[in-house]
Amino acid sequence: MNPVVAIDGPSASGKSTVARRVAARLGFAYVDTGAMYRAVTWRLLHEGIDPAATEAVADFARRMDFRAIICGGATRLECNGPILPEDLRSPTVSSAVALVARVPEVRARLVEEQRSLRPLAPLVMEGRDIGSVVFPDTGHKFYLDASPEVREARRHLQGEQDAIGRRDDIDRSRTVAPLRIAQDAQVIDSSSLSIDEVVDAVIASLEKVGLRHSPPGGATP
Ligand code: CDP
């Protein structure tokens with residue numbers, strides 16, 4: 001079975017940058033599961049469905065044709081048609097995504113898709129529930145955190161309009177797969193660390209247990 005490195009944490013904790021760099025260093029495929037929830041949200045909004053209308057969202061999730069395709073170490077998404085990466089981080093999507101992500105039918109379909117990627121390549125997968133729900137059996141779990149002030153400042157610097165406090169509240173309080181620290185996850189507080197320091201800490205911890213560079217689709221350590 002291919003190894004999975006799970007990187008979870010709240011918004012703007014540095015997960016995406018760290019996960020992408022760790023994947024590049026290891027030669028593993030990088031999978032951003034937040035992008036999957038955003039893709040569903042974008043398509044829903046595009047089809048005129050109210051993201052707060054739980055039953056309509058659940059019905060959409062039961063019918064949607066969702067695909068995550070690993071290509072060149074990254075992942076391309078389709079949800080009733082191609083999804084453009086540049087559409088996913090708009091303020092409209094950011095403010096609606098947590099409402100969509102709390103609907104069990106959405107989660108069930110996306111978790112199924114996430115699990116289906118493991119046989120295809122060694123993975124670095126980032127999200128909110130990767131260590132706790134999607135791959136609870138992986139021995140490589142990290143939880144990145146940073147103070148709310150640092151996270152707000154980072155998002156601001158990225159030039160994104162995003163009420164991360166409100167989104168984190170919804171993510172932490174939902175009934176299915178709430179954001180929480182998996183019992184066996186290594187917690188890294190990145191408030192006063194650079195991205196490189198976090199990446200080095202993750203890589204050092206993985207090397208200690210023998211996880212090293214392996215090209216996507218290649219031999220598994
Ligand atoms: O970039 P940022 O960390 O702010 O968010 P993201 O990773 O793009 O995730 C967007 C939203 O998707 C989160 O606020 C969650 O509501 C949802 N999500 C989730 O529920 N479970 C995941 N594994 C990943 C994201």
Side-chain angles (χ1 to χ4, degrees), residues 4-20 23 30-45 51-52 54 57 61 66 68 74-75 77 79 83 85-118 123-136 138 141-146 148 150-182 185 188 190 195 198:
V4 177
V5 177
I7 302 187
D8 289 305
S11 306
S13 54
K15 291 185 313 289
S16 299
T17 316
V18 168
R20 203 175 284 116
Y30 163 66
V31 184
D32 173 2
T33 61
M36 297 186 187
Y37 290 92
R38 286 172 182 272
V40 173
T41 305
W42 185 85
R43 183 60 74 191
L44 271 169
L45 293 169
T54 309
V57 173
F66 188 92
T75 317
L77 301 176
C79 181
I83 301 285
E86 56 268 31
D87 288 333
L88 299 183
R89 305 207 64 95
S90 71
T92 340
V93 169
S94 291
S95 71
V97 63
L99 298 174
V100 172
R102 63 184 182 165
V103 176
E105 286 80 358
V106 172
R107 303 204 71 80
R109 177 65 191 94
L110 294 192
V111 168
E112 179 193 0
E113 193 69 16
Q114 289 152 18
R115 290 185 178 142
S116 77
L117 300 176
R118 190 176 195 173
L123 305 174
V124 175
M125 190 176 278
E126 62 136 314
R128 300 288 187 289
D129 59 343
I130 311 308
S132 56
V133 172
V134 183
F135 293 116
T138 182
K141 300 182 189 177
F142 298 87
Y143 186 94
L144 293 198
D145 213 342
V150 167
R151 295 192 290 110
E152 289 280 359
R154 282 181 186 161
R155 189 75 3 140
H156 191 70
L157 268 178
Q158 287 168 329
E160 282 186 34
Q161 206 183 312
D162 187 0
I164 60 175
R166 174 179 161 274
R167 196 141 61 80
D168 286 346
D169 286 345
I170 302 175
D171 290 344
R172 287 199 170 98
S173 61
R174 68 183 172 222
T175 337
V176 186
L179 171 66
R180 66 178 177 79
I181 305 174
I188 302 177
S190 71
I195 291 288
V198 180

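Both backbone and side-chain heavy atoms feed into the values below; hydrogens, waters and symmetry mates do not. Atoms within each ligand, like the ligands themselves, are counted from 1 in listed order.
Here the side chain of R128 pairs no donor or acceptor atom with the backbone of L179 at under 3.5 angstrom. Side-chain atoms of K15 never come within 3.5 Å of backbone atoms of E126 as a donor-acceptor pair (strictly under, hydrogens ignored).
Considering OG1 of T33 and CG of L110, their distance stands at 8.5 Å, rounded to 0.5 Å. Taking CG of L117 as the reference point, atom CG of L123 lies at 6.0 Å (rounded to 0.5 Å). From M125, atom CE reaches atom CG of D8 across 10.5 Å, with rounding to the nearest 0.5 Å. Atom OG1 of T92 sits about 10.0 Å away from atom CG of D87, to the nearest 0.5 Å.
Counting non-hydrogen atoms of neighbouring residues, nucleotides and ligands closer than 6.0 angstrom, the CD atom of Q161 reaches no more than 12 such neighbours.
R89 NH2, 2.8 Å is the protein heavy atom nearest to atom 1 (O) of ligand 1. Looking only at protein heavy atoms, the nearest one to atom 8 (O) of ligand 1 is R38 NE, 2.7 Å. In terms of protein heavy-atom proximity, atom 21 (N) of ligand 1 is nearest to R107 NH2, 3.0 Å. Here the heavy atom of the protein found nearest to atom 7 (O) of ligand 1 is R128 NH1, 3.2 Å. With hydrogens left out, the protein atom closest to atom 17 (C) of ligand 1 is A101 CB, 3.7 Å, a heavy atom. Looking only at heavy atoms of the protein, atom 25 (C) of ligand 1 is closest to G34 CA, 3.5 Å. With respect to atom 18 (N) of ligand 1, the closest heavy atom belonging to the protein is Y37 CD1, 3.6 Å. Nearest protein neighbour of atom 24 (C) of ligand 1, counting heavy atoms only, is T33 OG1, 3.3 Å.
Remark: distances from the non-hydrogen atoms of S16 to ligand 1 are all 4.0 Å or more. Remark: distances from the non-hydrogen atoms of R155 to ligand 1 include one below 4.0 Å.
Of all atoms in ligand 1, listed by their number and element, those nearer than 4.0 Å to a heavy atom of D129 are 21 (N), 22 (C), 23 (N). Atom numbering of ligand 1 starts at 1 in the shown order; those under 4.0 Å from a heavy atom of S11 are 3 (O), 4 (O). If you number the atoms of ligand 1 from 1 as listed, the ones under 4.0 Å from a heavy atom of G127 come out as 23 (N), 24 (C).
Heavy atoms of K15 found under 4.0 angstrom from ligand 1 belong exclusively to the side chain. Here R174 has side-chain heavy atoms under 4.0 Å from ligand 1, and that is the only part of it that gets that close. At a heavy-atom cutoff of 4.0 Å, ligand 1 is contacted by no atom of S13, backbone or side chain.
Contact detail for S95 and R166: the closest heavy-atom pair is O-NH1, 3.2 Å. Counting all heavy atoms, side chain and backbone alike, A19 lies closest to I7 at CA-CD1, 3.8 Å.
For R102, the salt bridge (charged side-chain N to carboxylate O under 4.0 Å, His left out) criterion is met by no residue, not counting sequence neighbours. Scored by the salt bridge (charged side-chain N to carboxylate O under 4.0 Å, His left out) test, E113 finds R109 as partners (sequence neighbours excluded).
On a distance-only criterion, D171 and ligand 1 share at least one N/O pair closer than 3.5 Å. Considering backbone and side-chain N/O atoms, R167 comes within less than 3.5 Å of an N/O atom of ligand 1.
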